[in-house]
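Report on the following structure.
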Amino acid sequence: MIDKQAIAALPEAVVRTAFETGARIRHARVFHPRGIRLAGRFRATPEYEPWFGAGDRAVIARLSKGLGSPVGMPDVLGLAFRVLDRDQHPWDFALASTGRGTLGRFVITPARGWAGACFGSLLPYRFATAPAVWLFAEPLDPDDLPKTASLQQLHDHLDHRVIRFSLTADGLGRPAETVGELDLRRAEPGEHRTDFFDPVLNRPADVAMIPSVVNRLRESAYTGSRRGRTEEHESST
């Protein structure tokens, strides 16, 4: 007798195994293996305080390179961060450098440098019953950031400096809304209290990431990558 549940779960198992194997071979994340650990705060606009809560919210974060190249060549850049939601539960976001237009928001785009990077969610969010929106984070002081994708230059830039991002929600055919401001600095030793960010697992119950079938595969990839890598082989940054 055909096990329909097992067949339906097969794509997720394949993705999970592939990412577990890749992380084990690499002894690190399959993508974004090298990065800089950060901490800071997030302040939501009044329109989004019902989701995030009012005032400054503690944040831990990571800026990274998708391929992990140590030099300043163009790369897919990543911004992951965790903020506590209105109920003090972890809420994770994982953004990558993308375009900003109607089609560009669906495409992972190598960035030439930290100054010009636009970080997008690739897939949309739905807050309760509101129309779907894509989330974007862009630096508020781009002229002050390194013009190349060098992690070392970014690390040096963070000496006694803060990087500020504006987080916006942009739906197709409607004006973008400011969600809040994210201020990040280099984390102190022991301040960065997580080894992973999982936006599918860690989110409010009434915030959906769509389409669900793609996000199930995405969660399988996150799970496989976590299983395959070990803490002692992770990059220290």
Side-chain angles (χ1 to χ4, degrees), residues 35-64 77-98 100 114-115 117-145 154-155 157-171 174-210 222 237:
I36 299 175
R37 298 180 177 186
L38 306 160
R41 62 93 179 170
F42 177 79
R43 179 183 289 272
T45 58
E47 293 79 9
Y48 281 86
E49 285 183 357
W51 306 99
F52 292 95
D56 289 350
R57 315 295 289 177
V59 167
I60 53 176
R62 187 174 185 265
L63 281 165
S64 59
L77 305 181
L79 168 61
F81 65 95
R82 174 175 295 175
V83 60
L84 297 180
D85 68 10
R86 65 194 174 215
D87 299 317
Q88 306 299 317
H89 297 150
W91 189 355
D92 289 354
F93 296 85
L95 311 179
S97 54
T98 67
R100 188 64 190 263
W114 299 100
C118 171
F119 299 91
S121 60
L122 286 173
L123 296 174
Y125 282 76
R126 176 168 285 126
F127 290 75
T129 58
V133 294
W134 282 257
L135 298 182
F136 295 94
E138 295 181 87
L140 285 170
D141 308 297
D143 293 339
D144 193 39
L145 291 173
L154 183 65
H155 186 274
H157 173 84
L158 284 163
D159 287 337
H160 312 297
R161 290 180 180 171
V162 171
I163 300 178
R164 301 188 305 143
F165 292 93
S166 174
L167 189 67
T168 58
D170 189 351
R174 47 187 296 219
E177 295 180 331
T178 301
V179 176
E181 182 179 312
L182 180 66
D183 294 354
L184 299 174
R185 55 176 171 77
R186 201 162 59 221
E188 299 294 334
E191 189 175 17
H192 197 285
R193 300 174 301 280
T194 186
D195 184 44
F196 71 91
F197 297 90
D198 191 327
V200 182
L201 179 66
N202 294 323
R203 58 181 172 81
D206 52 355
V207 176
M209 300 178 66
I210 53 179
Y222 287 133
T237 55

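Keep in mind it's a predicted model, so treat the numbers as computed, not measured.
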Completion exercise
Of all heavy-atom pairs linking Phe197 and Arg62, the shortest is CE1-CB, 3.9 Å

Problem - Straight-line distance of Arg203 CZ to Asp92 CG, nearest 0.5 Å - result: 11.5 Å

Exercise for the section: Look only at the side chain of Asp85 and the backbone of His89, and say whether a donor-acceptor pair between them is shorter than 3.5 Å. Expected result: yes

Exercise for the section: Mind checking the CZ-CG spacing from Arg82 to Asp198? Nearest 0.5 Å is all I need. Expected result: 8.5 Å

Handout entry: Ring geometry between Phe42 and Phe52 (parallel below 30°, tilted from 30 to 60°, perpendicular above 60°)
Key = tilted

Practice task
State, to 0.1 Å, how close Thr178 and Thr45 come at their nearest heavy-atom pair, and which atoms those are.
Solution key: O-OG1, 3.0 Å

Exercise for the section: Could you pull out the closest heavy-atom pair between Ala169 and Tyr48, with the gap in Å? Expected result: CB-OH, 3.4 Å

Handout entry: Gap separating the CH2 atom of Trp91 from the CG atom of Leu84, nearest 0.5 angstrom
Key = 11.5 Å

Handout entry: Pi-cation contact, Phe136 with Arg100 (under 6.0 Å, within 45°)
Key = yes

Handout entry: Spacing of CG belonging to Leu154 relative to CD1 belonging to Ile163, to within rounding of 0.5 Å
Key = 4.5 Å

Problem - Asp183 with Arg164: basic N within carboxylate O range, under 4.0 Å - result: no

Practice task
Mind telling me whether Phe93 and Phe81 have parallel, tilted or perpendicular rings, with 30° and 60° as the class edges?
Solution key: parallel

Handout entry: Side-chain donor/acceptor of His157 to backbone N/O of Asp144, under 3.5 Å
Key = yes

Practice task
Show your reasoning for whether side chain to side chain contact (heavy atoms under 4.5 Å, CB included) applies to Leu63 and Leu38.
Solution key: CA-CA 8 Å; Leu63 281 165; Leu38 306 160; 3.6 Å; yes

Handout entry: Pair Arg186 + Asp159, salt bridge at N-O below 4.0 Å
Key = yes

Problem - N/O donor-acceptor pair under 3.5 Å between Ser97 side chain and Ala117 backbone - result: no

Exercise for the section: State plainly whether the residues Glu181 and Arg41 are in salt-bridge range, i.e. N to O under 4.0 Å. Expected result: yes

Problem - Least distance between heavy atoms, Gly55 atom then Glu49 atom - result: N-OE2, 4.4 Å

Problem - Verdict with supporting geometry, Leu184 and Leu79, side chain to side chain contact (heavy atoms under 4.5 Å, CB included) - result: CA-CA 11 Å; Leu184 299 174; Leu79 168 61; 4.0 Å; yes

Completion exercise
For Pro139 and Leu145, the nearest pair of non-hydrogen atoms, with its separation, is CB-CD1, 3.5 Å

Exercise for the section: Compare every heavy atom of Pro124 with every heavy atom of Ala132, then report the nearest pair and how far apart it is. Expected result: CB-CB, 3.9 Å

Problem - Side-chain donor/acceptor of Trp134 to backbone N/O of Leu122, under 3.5 Å - result: yes

